[in-house]
Amino acid sequence: MRRVAGRAHNAPMSEPRESFTDEEYAFLRHVRFGELPQAVRPEDRVESTESETEPRRDRPDPTGGQHEWDLRAGSG
């Protein structure tokens, strides 16, 4: 703990003294993120059909054998 004016100082950062209105926050969000897309209506929503048997889309398909993986890792 730091010492401030002879006292232990462990107070967290103080909150800002002034706050924005909802309209000001909305304006700042619009400036930062732009126009948001329209919400999807309930009748336009579809059920997800993804299953555990489908391959993951965030990883490449496995290729080659152990020798190829050893070469990629630099241990071959």
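The side-chain hydrogen bond (donor to acceptor under 3.5 Å, both in side chains) check on E24 picks up T21, with sequence neighbours excluded.
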Acceptor/donor pairs from residues 25-34 side chains to any protein atom, 3.5 angstrom cut, sequence neighbours excluded:
from: H30; atom 1: ND1; to: G34; atom 2: O; distance (Å): 3.4

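Within the structure, the salt bridge (Lys or Arg N to Asp or Glu O under 4.0 Å) test picks out the following pairs touching residues 33-46 (sequence neighbours left out): R41-E43, R41-D44.
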